[in-house]
Amino acid sequence: MANIKYHLGEEIPLEMHKVRMIQRLDLVPIERRLEAIKEAGNNTFLLYNKDIYLDMLTDSGVNAMSDNQMAAMMTVDDSYAGSATFTRLKDKLSDIFDKKYFLPVHQGRACENLLSMAYVRKGTYVPMNYHFTTTKAHIMVNGGEVLELHMSEALNPVSSDPFKGNMNLDALNELIEKEGADKISFIRLEAGTNLIGGQPVALENYIATSKIARENGIPFIIDASLLADNLHFIKTREEKYKDHSIREITKLLSETADIIYFSARKLGHVRGGGIITNDESVYKTLLEMLPLYEGFSTYGGMSTREMEAMVVGLEETMDEEMINQGPLFIKYMINELLKHGVPVITPPGGLGAHLNAMEFLSHIPQEEYRAGALASALYIASGVRGMERGTVSEEREADGSDHLAAVELLRLALPRRVFTLSQVKYTIDRVVWLYENRKLIGGLEFYEEPKVLRFFFGKLKPTSNWQEKLVEKFKQDFGDSL
Ligand SMILES: *Cc1c(COP(=O)(O)O)cnc(C)c1O
């Protein structure tokens, strides 16, 4: 896919797969889209799928499976305990990652629950390159504190740093020196930092972080949910590893960690998750909790059919052509948007394209939720559903004031192998139109606000009639087009 040259010069990401199963989509008229977003309280989580044309909310549990994954689901050993399906999955994981022990769970955050209960104590710290929503919540529930030791480039929206997800090693050393290793529950590296644009971590950085952890006797844990994209970026951006196979890179990366956990909703394209380790005592500690929270140790809350599909999905992750479609489509989208001056997060990462709403809607006060307003406006203009990752996704301060986010992003996730290039082009077209008409977009305010994780169920309304004006302009420009 990467090495195809075009006579006409345009750089087009070319898929090394074909589509053999399809799902019908509708694009409802703009009047209905305006109605639908009002019904949803301008919260894209609350839209119904029947009103959505392209669902770019998330990459979680919505990636396309392969024919071989589907076929594997038909040959399953469904026993409650000791199934051959479990053995196949455990063997595949140990073949790929060189880790002996495997604990299956129902999804990624369940790993975080078990690991936080086992390791986090009141008053301890968990340093990491960047937090993820569910990770932070589990650590906090157990009395720990999350410390984000990222590089300064991590939060710079326009950057050429190929590995914005790297851990800040100096800050990590300083922390250990100041607080002592005993105060640190574990060190966590997230492959492909979800919340700052799917930005990857260099293999050199995994190795260096691991060295610090080992020298100080602190457990080193990798969150490998977004590993597939990160593997692609190591191979394509880290000079030293460009001739290594994906499988070799995975082994080197895995070697650095005491424990690896993942959401199989992303890694492996199914719905589930797991923890792997070579440490028998870690395994035994976690094993005791497994039946209480997840299920028996050979299924852990996962459907055995999905476990069979995961065996195949993990093997396919070792094939560069099977994992590069996402990152290459995202790169295409980002480069096209840049050509039209649209503020986006660079360099392109994994997971999705991220619009920089801070700048896109700089005329709106940040208190009126720039990223939330952009999510609403894009849905009205296109039927495309994105996810707000800005101030709406933050929790209020103790005194009730809003915690203004450091970055205001509209994430347009590209579930792996799901959309076609024409659908991506349509999205680019509507984003560019919206950018040219950005001054028409106004702010939002809450009228229903849950106390925790308000972004899931909270409802907002526009601060003026800007949405009607946006619809009017759309009709002027596009006539009777949907
Ligand atoms: C999605 C995700 C999780 C949580 O996984 P779920 O399967 O949604 O529970 C944890 N970490 C990262 C980096 C993720 O992207």
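All values reported here derive from a predicted model rather than from experimental measurement.
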Closest non-hydrogen atom pair between A353 and M333, with its separation: CB-SD, 3.9 Å
CE (M117) with more than 12 external heavy atoms under 6.0 Å: yes
Over 12 foreign heavy atoms within 6.0 Å of NZ, K50: yes
K100 side, atom NZ; N278 side, atom CG - distance, nearest 0.5 Å: 5.5 Å
Interatomic distance, E388 atom CD to S376 atom OG [nearest 0.5 angstrom]: 11.5 Å
M56 and L414, any side-chain heavy atoms less than 4.5 Å apart: yes
Proximity of F329 and F419 rings by center, below 6.0 Å: no
Salt bridge (Lys or Arg N to Asp or Glu O under 4.0 Å) between E395 and R454, worked out: CA-CA 7 Å; E395 311 284 323; R454 63 183 183 175; over 6 Å; no
Working for side-chain contact (heavy atoms from CB on, under 4.5 Å), residues V126 and V120: CA-CA 8 Å; V126 184; V120 178; 4.1 Å; yes
I234 CD1 to K242 NZ distance, which is reported to the nearest 0.5 Å: 15.5 Å
Heavy-atom pair of closest approach, residues A405 and G390: CB-C, 3.5 Å
Sequence neighbours excluded, every pair satisfying side-chain hydrogen bond (donor to acceptor under 3.5 Å, both in side chains) that has a member inside residues 115-124: T124-S185
Residue pair Y293 / L114, side-chain heavy-atom distance below 4.5 Å: yes
Test item: side-chain donor near acceptor, S254 and D98, under 3.5 Å: no
Salt bridge flag under 4.0 Å for residues E306 and R271: yes
Sidechain N-carboxylate O distance under 4.0 Å for D59, R416: yes
Flag for T193-Q199: side-chain donor and acceptor within less than 3.5 Å: no
Contact check, side chains of E11 and Y6, non-hydrogen atoms, under 4.5 Å: no
Salt-bridge criterion met for R88 and D91 (N-O under 4.0 Å): no
Validation row: H354, L412 side chains within 4.5 angstrom (heavy atoms): no
Residue among Y299, F296, F102 satisfying ring pair (Phe, Tyr, Trp, His ring centres under 6.0 Å) with F86: F102
Short side-chain to backbone donor-acceptor contact, S159 and N156, under 3.5 Å: no
Under 3.5 Å side-chain donor-acceptor pair for Y241 and E204: yes
Enclosure of K92 NZ (heavy-atom neighbours >12, cutoff 6.0 Å): yes
From CA spacing to verdict: side-chain contact (heavy atoms from CB on, under 4.5 Å), I246, D319: CA-CA 7 Å; I246 294 290; D319 177 352; over 6 Å; no
For K183, all residues meeting salt bridge (Lys or Arg N to Asp or Glu O under 4.0 Å), sequence neighbours excluded: E179
Centroid separation F163 to F233 less than 6.0 Å: no
Distance, nearest 0.5 Å, that separates CD1 of I184 from CD1 of I218: 4.0 Å
Side chains of S66 and N68, donor plus acceptor under 3.5 Å: no
Reported CD1-to-CZ distance for the pair I52 and R33, which is rounded to 0.5 angstrom: 12.0 Å
Residues M128, I139; criterion side-chain contact (heavy atoms from CB on, under 4.5 Å); working and verdict: CA-CA 12 Å; M128 56 184 69; I139 289 167; 3.7 Å; yes
Distance-only polar pair, side chains of T420 and S422, donor-acceptor under 3.5 Å: yes
Salt bridge (Lys or Arg N to Asp or Glu O under 4.0 Å) between K284 and E288, worked out: CA-CA 6 Å; K284 284 192 167 156; E288 276 182 23; over 6 Å; no
Please list, one pair per line, the donor and acceptor atoms closer than 3.5 Å that link side chains of residues 256-265 to other protein atoms, with sequence neighbours excluded.
from, atom 1, to, atom 2, distance (Å)
T256, OG1, L253, O, 2.7
D258, OD2, F220, N, 2.7
Y261, OH, E112, OE2, 2.9
Y261, OH, R188, NE, 3.1
Y261, OH, D223, OD2, 3.1
S263, OG, R265, N, 3.2
R265, NE, S60, OG, 2.7
R265, NH2, S60, O, 3.4

Close side-chain approach of K99 to S94, heavy-atom, < 4.5 Å: no
Least distance between heavy atoms, V418 atom then A64 atom: CG2-N, 3.6 Å
Whether N43 side chain and G458 backbone form a donor-acceptor pair below 3.5 Å: yes
Derivation and outcome, side-chain contact (heavy atoms from CB on, under 4.5 Å), residues V105 and M302: CA-CA 6 Å; V105 300; M302 249 188 286; over 6 Å; no
Any side-chain donor near an acceptor of the partner, H131 and E148, under 3.5 Å: yes
Pairwise distance CE(M70) to CG(D67) - rounded to 0.5 angstrom: 9.5 Å
Test item: L195 and V407 side chains (from C-beta on) under 4.5 Å apart, heavy atoms: no
For the student: nearest non-hydrogen atoms of P347 and K164, plus distance: CD-CD, 3.7 Å
Smallest separation among heavy atoms of M289 and A118, with atom names: CE-CB, 3.8 Å
R247 vs I96 side-chain heavy atoms within contact, under 4.5 Å: yes
Any donor-acceptor N or O pair under 3.5 Å, side chains S79, D77: yes
Side-chain H-bond candidate by donor/acceptor type, N194 with R411, under 3.5 Å: yes
Residues K235 and E238 bridged, charged N to O under 4.0 Å: no
Over 12 foreign heavy atoms within 6.0 Å of CZ, F456: yes
Centroid-centroid under 6.0 Å between F45 and F457 rings: no
D55 and its side chain to side chain contact (heavy atoms under 4.5 Å, CB included) partner, picked from T44, L47, L25, N49: N49
Backbone of G165 reached by a side-chain donor or acceptor of N129 within 3.5 Å: yes
Exercise: do E408 and T391 side chains pair donor with acceptor under 3.5 Å: yes
K251 atom NZ, neighbour heavy-atom count above 12 within 6.0 Å: yes
Side-chain touch I345/I196, heavy atoms, less than 4.5 angstrom: no
